[in-house]
Amino acid sequence: DVKVTQSSRYLVKRTGEKVFLECVQDMDHENMFWYRQDPGLGLRLIYFSYDVKMKEKGDIPEGYSVSREKKERFSLILESASTNQTSMYLCASMSRGRPQETQYFGPGTRLLVL
Amino acid sequence: DAKTTQPPSMDCAEGRAANLPCNHSTISGNEYVYWYRQIHSQGPQYIIHGLKNNETNEMASLIITEDRKSSTLILPHATLRDTAVYYCIVRVHTGTASKLTFGTGTRLQVTL
């Protein structure tokens, strides 16, 4: 079974802090994604990566950055956390090859910024 | 990706089959139908996908109409643990990374 793990299930940070969210997958997937999920807004893509050291902006990259130094690990960084970044953050991974394009999600990190 | 329409909520008695419909009338020939679910406070979970033929796995069955304009996800013997929001997604297999667009889904409540 594919396993996607996230470093924390719950996190509380203060405004202005630098926040690191870590995601690790064990299936040698090329593609990894960071989404945030908010009530009424569904899942929104923040950043994704299709290979080591490669990254692409998603729909809402402002206020975030990412790092992919190793294939299995994709980190989301909030440079200076703000209260509007309080959300559920979901990491996903996906194999590049066809026909399977299933995205496998981690359990999520619920972040509260005070 | 084609737009999908799902009922906002459904109830199902435990042990009975849950049949969750999805309309995707603008689906194109190379788009697959995917189903995911999200149990409260957890990440979405892949269930099943198909193109034209009906599909079955250990979790569910997927029935796609001949014209492919609608589909039904069937949980044959629903349990309380199947209570979740179920999302129907239509997408092309591109072989490259692309986002999943989740709609509002169907909130399935399984009751005793």
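In the text below, chain A, chain B and the rest are named by the order of the sequence lines, each starting its count at 1. It should be emphasised that the depicted structure is a prediction, and the values quoted were computed from it without experimental measurement.
- Through chains of ILVMFWY side-chain contacts below 4.5 Å, A:Phe20 is grouped with A:Ile77.
- Hydrophobic clustering of Ile, Leu, Val, Met, Phe, Trp and Tyr side chains at less than 4.5 Å, counting indirect connections, unites B:Leu73 with B:Leu80.
- The closest side-chain heavy-atom distance from B:Tyr36 to A:Phe105 is below 4.5 Å.
- For A:Glu56, no part lies under 4.5 angstrom from a heavy atom of chain B.
- Atoms OG1 and CD1, on A:Thr102 and B:Ile48 in that order, are 10.5 Å from each other to the nearest 0.5 Å.
- For the salt bridge (Lys or Arg N to Asp or Glu O under 4.0 Å) condition, the pairs that include at least one residue of residues 70-88 of chain B, sequence neighbours left out, are B:Arg37-B:Asp82.
- Within the 4.5 angstrom heavy-atom criterion, only side-chain atoms of A:Arg110, from C-beta onward, approach chain B.
- Under the 4.5 Å side-chain heavy-atom criterion for ILVMFWY residues, no single connected hydrophobic cluster contains both A:Leu112 and A:Tyr89.
- For the atom pair OH of B:Tyr46 and CE of A:Met94, the computed distance is 13.0 Å after rounding to the nearest 0.5 Å.
- Annotation: A:Arg44, atom CZ; neighbour count of heavy atoms from other residues, nucleotides and ligands within 6.0 Å is above 12.
- Transitive grouping of hydrophobic side chains (ILVMFWY, heavy atoms separated by less than 4.5 Å) keeps B:Ile74 and B:Met59 in distinct clusters.
- In this structure, B:Leu51 is a member of the same hydrophobic cluster as B:Tyr34, with clusters built from ILVMFWY side-chain heavy atoms closer than 4.5 Å.
- Heavy-atom distances place both the backbone and the side chain of B:Ser41 under 4.5 Å from chain A.
- Shortest non-hydrogen contact noted between A:Gln37 and B:Tyr87 is NE2-OH, 4.0 Å.
- From B:Gln42, atom CD reaches atom CZ of A:Arg9 across 6.5 Å, with rounding to the nearest 0.5 Å.
- Nearest approach of A:Leu90 to B:Gly43, heavy atoms of both residues: CD2-CA, 3.5 Å.
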